[in-house]
Structures are given as C-alpha cells and as structure tokens.
Enquirer: 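What follows is a structure written as structure tokens; I'll ask about it next.
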Amino acid sequence: MEAIARAWSKAVRTALPGPWRPRRVVGEALLAVLMGVVAGLLELVAGTDLAVPFGLAVAVLWVLRKGFPATVLVLTGVIAGWSIGPVLLLAGAGWAAGARISRVWRLVGAFVLSYLMFSTFGMLKDGAAGSSKLIIGLSLALFLVFAVLPALYSRYRAQRRALLDALQERNDQLVRERAMVVHQARLRERHRIAQDMHDSLGHQLALISVHSGALEVDRTLSDRQREAVGVLRQAAVAAMRELRDVVGVLHDESTALPPAVGAPGTAPARGGVDGVEGLVESSRTAGAEVAFSAEGERRPLAAAVDHAAYRIVQEALTNAHKHAPGAPIAVALRYEPDALVVEVANPRAPALVGAHPGVNSAVSGGQGLTGLRERARLVGGMVHAGPTPEQGFRLAAVLPYEGAETDGTAAPAGEEDWELGGLSAEDGADGRRRRPALGCAAGVGAVTLVVAGLVAWGVVALVRGAGDSTVRQSVYDGIQPGQSRAEVLRRLPPGNDFFTADYQDAGPPRPEGSHCRWYSLAKGEPGDSWSDNHAARFCFRDGTLVEKVEYLSKD
C-alpha cells in the first residue's frame, strides 16, 4: 500500500506540477471550467451534439497542459481538427508547450505531430471535401495563429526568465566573491604591515641593542651608568622579542598572502635607493664600520624595485648587527645593463674582550630572508644569501629595472564586470551571446509571413475556385443529354468540391449507377433569398451524359 501511495503521489506531482497555493488552485479550477463552458458553447453554435464530451475533454486537458505539454498539444490537435470548440485550448496548449518543453527538436516534433493530427482529423471529418488544397492551407494558417504564435511568445518569456535567474545567481556569486576579495585584501594588508614592522622597527631596535651593548662594556663608564645602559639594552631586546611575536601573529602562515607592492610608474615608496646612504649613516652612528659604494650609471627604477632595494639593504644591515656585532660591513649598489645588483657582506664577528653576557645574543623572528625573497620575486628578481669562504655572510639581490609585469594584486576574474554582474541579460552561462527576443521575434516574423502568404494564396484560391465551380446559363443550356463525357467536360469548368459540397445532399435523386458533377449556376439574377443558390448537376454513365438538372439549394 505504501508503494502504491508513493507511486500515486509521484504521478499526481508529475501531472499537476506545483506549487499549488490556494489562490492558484482556485484560479486553475475556474479557468478549466471556463474553457470547458466556452468549448461547449462553440459546439452548440456549430450545431453539433458534442458539446458535453468536448467541454469535459477541454477542461481535463487544460488542467494537464503543464504536466504533459507535448501529449496535451497532440491531443488538442486531434479534437481541434474534429471541431471548432477546442480552438482556445489549442492556444493554451501551445503556450504551455513553448514554455515547458526545453529541447528544441522535441518542441518542433510535438508541433509537427499536433498539426498532422489537426489537419488529418479535419479532413476525415469533411470527407472528400477535406482533400482540397484550400482546406489544407486554411488549417495551416489557423494552426500557426492559434498554436505556434502563443508558443513563440511563451518560449521567449521562459528563456528571458531563465536568463534573469542566471543573472541573479551570477550577481549573488559575485557578491560572495567580492566579500572574499575584501577579506584577502585585509590579509594582504596585515602581511604588509608585518613585513614593514619587521624591516623598519626591527632595524632600529637592532641598532639600539648593538649601540647599548657596546656602551655596556665601555670601561670609562661608571657602574651606575653601565647598569642603566644594561637596562636599556635589555629593554631593546625585550622590544625585539615582542615585535617578533606581533609579526608572527600578523604573518600567520595559514592566512599569509604575498605583500602588495606598487606598480611601475607610481610614486616612489618611502626610502628607496636614495635612502640607502641614510641607513649606512645610521649604522655608522651606532658604532658599526660600514663601507658604501655605488658603481655604474644610475638608472631610473620602478617604485616597487626602488622600495625593494631599500628594504633589502635595511634587512641585511639588521642581520649583520644582530649576528656579527662589531664586524665591518660592505654595502654595494651596482647598476648593471639589465638589472640593479644589491650586495651586503660582512666577515666573521670579532671576539669582544670583556663583553657582557648576552651581548652577542640575537633575537630572530625567522621572517627576514623569507620576506626579502618574496619582495624580490614580486618585482621579477631574486635573492641569494649564504656564508662566505672567510666564515662571513653575504647577501646579494638582482632586481630588474622595470620590475615584474604584474604585481600579484590583480583583481579576480569577473571583478571587472562588477557593475554589470559579469553577465548581461542576453548572455548564457557559457558566455555565448543568447538573444531570446531576437530569436522569438524572427520566429514571429516567419510565422506572420507564412500566415500572410497563406491568406493571400487563400484569397486567390477562393476567387479561382469560385470560377472553377461556376457554369454560365448559356453553357448549361448548350449541353444536352446523350453527349459524350469528353465533349461535355471540354465545355465545363474544372469544378471545385469545396464550393459545391453542400449541393451534393440536395436536389432530386441521382440516376442509378451514375457519377455526377456539381456546379453553381450563374443565371444573372439573384435567388429568392440571400441563402438560395442555383445548382447545376451533370450525371454520367458509361461515358455519356444521362442527366442534367437545375435546382435550388439552401445553405
């Protein structure tokens, strides 16, 4: 029972797709009743006895049009071809099929099959008269107007709604991406602050520590002064440790991103190559022996390269002060043809006689050389650091003059289209241009041209058919029974069953075993009533005209 209940529930959901809110249920029920009543009334006006069954069929098909659009379209073609009552249902079925059948070829196949059913059952109902080309043309025009045109418009609406939904989804995605970009920018700024704190404040604290350590072992100072200098040195060392902790927090490896640097052509950053001599003088003031040299023709530098060169010299001097206090330092800038070479070298630190315990202790955050290599990489350069054969240390950096082509801070893909959400209402998810309005407008134009052509062809066919089915009184009087069939047919027009179908059920009985042709008789005078038509009948048997008769037919 449970399986049956699930199957029934699934079948109901398929046949009647929701959501079914109370207002929608009432609206659909009222529309179904209205469509059934209209179909029944049209059947009554047409004089058929199918008002009740056609009304019920139209109401049921109206309810099922959304769940089974293709099936309802084909069945509607069957009953609409048989009678005029379901013609409004044909428009509703076409609308539902255009909106709900997504595959183009399935939609085209459903409409072709529906039209074949529409025209076939129309011909079956009309019998021999249904084979007329005029009947086929009129049925095609009627199907195009009542089924195809609503389908084109509903398909346009459905595609536009789908594109707008995709656009909204894309905009929501870009909002999330923009929030991520902002978060990444914050992390990048934290990394930059950590790097600048490490390079700038660390350098100054290293100078204070080195200078205070040298004063602490100066024998010309009194014990009280030496104690004060020791306190100053301990404070500098403690400040360096705290700075290392802060930098570690800001420079968390789980969230670290490459630091942003200025692009070529922007204003120079603080310091730069011009500030290298100031760094050297600061180190000399602290008591260090620092030699500075600049070789080659000076070249203009990109802002990022200029700032990187300054930070590299600053970090190298800081490391030399911390790890080799008292050792001479050589700073060199060499302007090569294609790059700037920055070199800082120092020999092994000399032993300090009577040095206070802890003078040579260095506080290292472990971020210095890593930060230098990252700075050089961002501008397209490289850094080499390592010991020398004299047991000293050498740091060399090669920095191109123009810097890297990119600075690592390019906006994510799609951010350029932020104002438009990355998609317009005519773009598909795969980026290709999709214009539902243009396609549907082309379809409507094609249908309109076809309908206009069919109407023009119908008018011409009506005029020509009326002439082919009309015989003049003089011709009628000149034809006599006993003449051969070939001779009579040479004098008669070709005939048209569409215009003379009503004559076949009227008039006197036909001769037994004869084959007859019917025509409208042009007497040159009106009938007794607007509904009276003069008919002429010619009956043949064994190739001979056996009867001609004139009678009055009422529509």
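Quick note: numbers below take in every heavy atom, side chains included, and nothing from hydrogens, waters or symmetry partners.
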Enquirer: Looking at every non-hydrogen atom in both residues, tell me the closest pair between L521 and A536 and how far apart they are.
Expert: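 Heavy atoms of L521 and A536 come nearest at CB-CB, 4.3 Å.
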Enquirer: If the condition is ring pair (Phe, Tyr, Trp, His ring centres under 6.0 Å), which residues does F111 pass it with, not counting sequence neighbours?
Expert: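 Partners of F111 by the ring pair (Phe, Tyr, Trp, His ring centres under 6.0 Å) criterion come out as none, since no residue qualifies.
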Enquirer: Ignoring hydrogens and angles, tell me if any N or O in the side chain of R100 forms a donor-acceptor pair with the backbone of A158 under 3.5 Å.
Expert: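 Side chain of R100 to backbone of A158: no pair is present.
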Enquirer: Give, for atom CD1 of I84 and atom CD1 of I79, the distance between the pair rounded to the nearest 0.5 Å.
Expert: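 Reported value, rounded in 0.5 Å steps: 13.0 Å.
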Enquirer: Under the side-chain contact (heavy atoms from CB on, under 4.5 Å) test, which residues partner T71, sequence neighbours left out?
Expert: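 Expected list: F68, L75.
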Enquirer: Please give me the minimum heavy-atom distance between C539 and L545, naming the atom from each residue.
Expert: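 Heavy atoms only, the tightest pair is O-CD1, 3.3 Å.
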Enquirer: Can you confirm whether R472 is buried at CZ, in the sense that more than 12 heavy atoms of other residues, nucleotides or ligands lie under 6.0 Å from that atom?
Expert: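 No, CZ of R472 has 12 or fewer neighbouring heavy atoms, counting only those of other groups under 6.0 Å.
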Enquirer: Mind running side-chain contact (heavy atoms from CB on, under 4.5 Å) on R65 and M35 for me, showing each step along the way?
Expert: CA-CA 13 Å; R65 75 192 188 283; M35 294 296 293; over 6 Å; no
Enquirer: With rounding to the nearest 0.5 Å, note down the distance linking CG in L164 to CZ in R161.
Expert: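 Separation between the atoms: 9.0 Å.
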Enquirer: Quick one: side chain to side chain donor-acceptor pair (under 3.5 Å) pairs with a partner in residues 32-47, sequence neighbours left out?
Expert: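 Those involving residues 32-47 are E43-T48, E43-S83.
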Enquirer: side-chain contact (heavy atoms from CB on, under 4.5 Å), that's the test. Do L90 and L142 meet it? Break it down for me.
Expert: CA-CA 10 Å; L90 186 64; L142 184 67; 5.7 Å; no
Enquirer: For residues G36 and V58, report the shortest heavy-atom separation together with the two atoms involved.
Expert: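 Shortest heavy-atom contact: N-CG1, 4.1 Å.
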Enquirer: Check whether any side-chain heavy atom of R373 sits under 4.5 Å from a side-chain heavy atom of R377, and report yes or no.
Expert: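 The answer is no; the side chains never approach within 4.5 Å.
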Enquirer: Could you check whether atom CZ of R510 has more than 12 heavy atoms from other residues, nucleotides or ligands sitting under 6.0 Å from it?
Expert: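 Not buried by this count: 12 neighbours or fewer within 6.0 Å.
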Enquirer: What pairs with S520 under side chain to side chain donor-acceptor pair (under 3.5 Å), at least two apart in sequence or on another chain?
Expert: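 Side chain to side chain donor-acceptor pair (under 3.5 Å) list for S520, sorted by chain: Y503.
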Enquirer: Of the non-hydrogen atoms in S514 and P511, which two are nearest, and what is the gap between them?
Expert: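 Result for this residue pair: OG-O, 2.6 Å.
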Enquirer: Mind checking whether V33 and V37 have side chains closer than 4.5 Å, heavy atoms only?
Expert: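 Yes, side chains in contact.
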Enquirer: For atom CZ of R106, is the number of surrounding heavy atoms from other residues, nucleotides or ligands below 6.0 Å larger than 12?
Expert: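 Counting other residues, nucleotides and ligands, CZ of R106 stays at 12 neighbours or fewer.
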Enquirer: If you compare all heavy atoms of P508 against all heavy atoms of Y551, which two are closest, and at what distance to 0.1 Å?
Expert: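 P508 and Y551 have their closest heavy atoms at CD-CD2, 3.9 Å.
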Enquirer: Walk me through whether V471 and I479 qualify under side-chain contact (heavy atoms from CB on, under 4.5 Å).
Expert: CA-CA 11 Å; V471 62; I479 297 175; 5.7 Å; no
Enquirer: List the residues meeting side-chain contact (heavy atoms from CB on, under 4.5 Å) with E487, not counting sequence neighbours, and say none if there are none.
Expert: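 Once residues adjacent in sequence are excluded, the partners of E487 under the side-chain contact (heavy atoms from CB on, under 4.5 Å) criterion are Q483, S484, R490.
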Enquirer: Between the side chain of T120 and the main-chain N/O of M117, is any donor-acceptor distance below 3.5 Å?
Expert: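 Checking the backbone N and O of M117 against the side chain of T120, no donor-acceptor pair under 3.5 Å is found.
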Enquirer: Would Q480 and K548 count as a side-chain contact (heavy atoms from CB on, under 4.5 Å) if you check the C-alpha gap in whole Å, the side-chain angles of each, and the deciding distance to 0.1 Å?
Expert: CA-CA 8 Å; Q480 300 298 328; K548 75 168 186 176; 3.9 Å; yes
Enquirer: Not counting sequence neighbours, list each pair that qualifies as a ring-ring contact (aromatic ring centres under 6.0 Å, His included) and has a residue in residues 474-494.
Expert: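 Found Y476-F538.
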Enquirer: Return the set of residues passing ring pair (Phe, Tyr, Trp, His ring centres under 6.0 Å) with F540 (not counting sequence neighbours), or none when no residue passes.
Expert: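 Applying ring pair (Phe, Tyr, Trp, His ring centres under 6.0 Å) to F540 gives none.
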Enquirer: If I take atom CH2 from residue W105 and atom CG from residue L107, how far apart are they, to the nearest 0.5 angstrom?
Expert: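 Those atoms lie 11.0 Å apart.
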Enquirer: For a quick test of reading the model, state the closest non-hydrogen atom pair linking A32 to V63 and the distance between them.
Expert: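 Heavy atoms only, the tightest pair is CB-CG2, 3.7 Å.
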Enquirer: Sort and list the pairs that fulfil disulfide bond (SG atoms under 2.5 Å apart) and have at least one residue in residues 50-89, not counting sequence neighbours.
Expert: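 For residues 50-89, and leaving out neighbouring residues, there are no disulfide bond (SG atoms under 2.5 Å apart) pairs at all.
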Enquirer: Taking side-chain contact (heavy atoms from CB on, under 4.5 Å) as the definition, give me every residue that meets it alongside V104, ordered by chain and number, with sequence neighbours left out.
Expert: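 Applying side-chain contact (heavy atoms from CB on, under 4.5 Å) to V104 gives V108, R155.
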Enquirer: Listed by chain and number, what are the side chain to side chain donor-acceptor pair (under 3.5 Å) partners of W62, not counting sequence neighbours?
Expert: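 Expected list: none.
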Enquirer: Look at the rings of F118 and F143 and say which category their plane angle falls in: under 30° parallel, 30 to 60° tilted, over 60° perpendicular.
Expert: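 Tilted: the ring planes of F118 and F143 meet at 30° to 60°.
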Enquirer: Hey, is the main chain of L492 close enough, under 3.5 Å, to the side chain of R517 for a donor-acceptor pair?
Expert: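 Side chain of R517 to backbone of L492, a donor-acceptor pair under 3.5 Å: no, none is there.
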Enquirer: Rounded to the nearest 0.5 Å, what separation is found between the OG1 atom of T76 and the CG atom of L89?
Expert: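 Answer for the OG1-CG pair, T76 versus L89, is 4.0 Å.
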Enquirer: Under the rule for salt bridge (Lys or Arg N to Asp or Glu O under 4.0 Å), what residues qualify as partners of R537, not counting sequence neighbours?
Expert: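 R537: salt bridge (Lys or Arg N to Asp or Glu O under 4.0 Å) contacts with E547.
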Enquirer: Check for a donor-acceptor pair, side chain of S114 on one end and backbone N or O of L73 on the other, with a separation under 3.5 Å.
Expert: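 Yes.
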Enquirer: Could you list the residues that satisfy side chain to side chain donor-acceptor pair (under 3.5 Å) with Q473, not counting sequence neighbours?
Expert: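 Applying side chain to side chain donor-acceptor pair (under 3.5 Å) to Q473 gives D477, K523.
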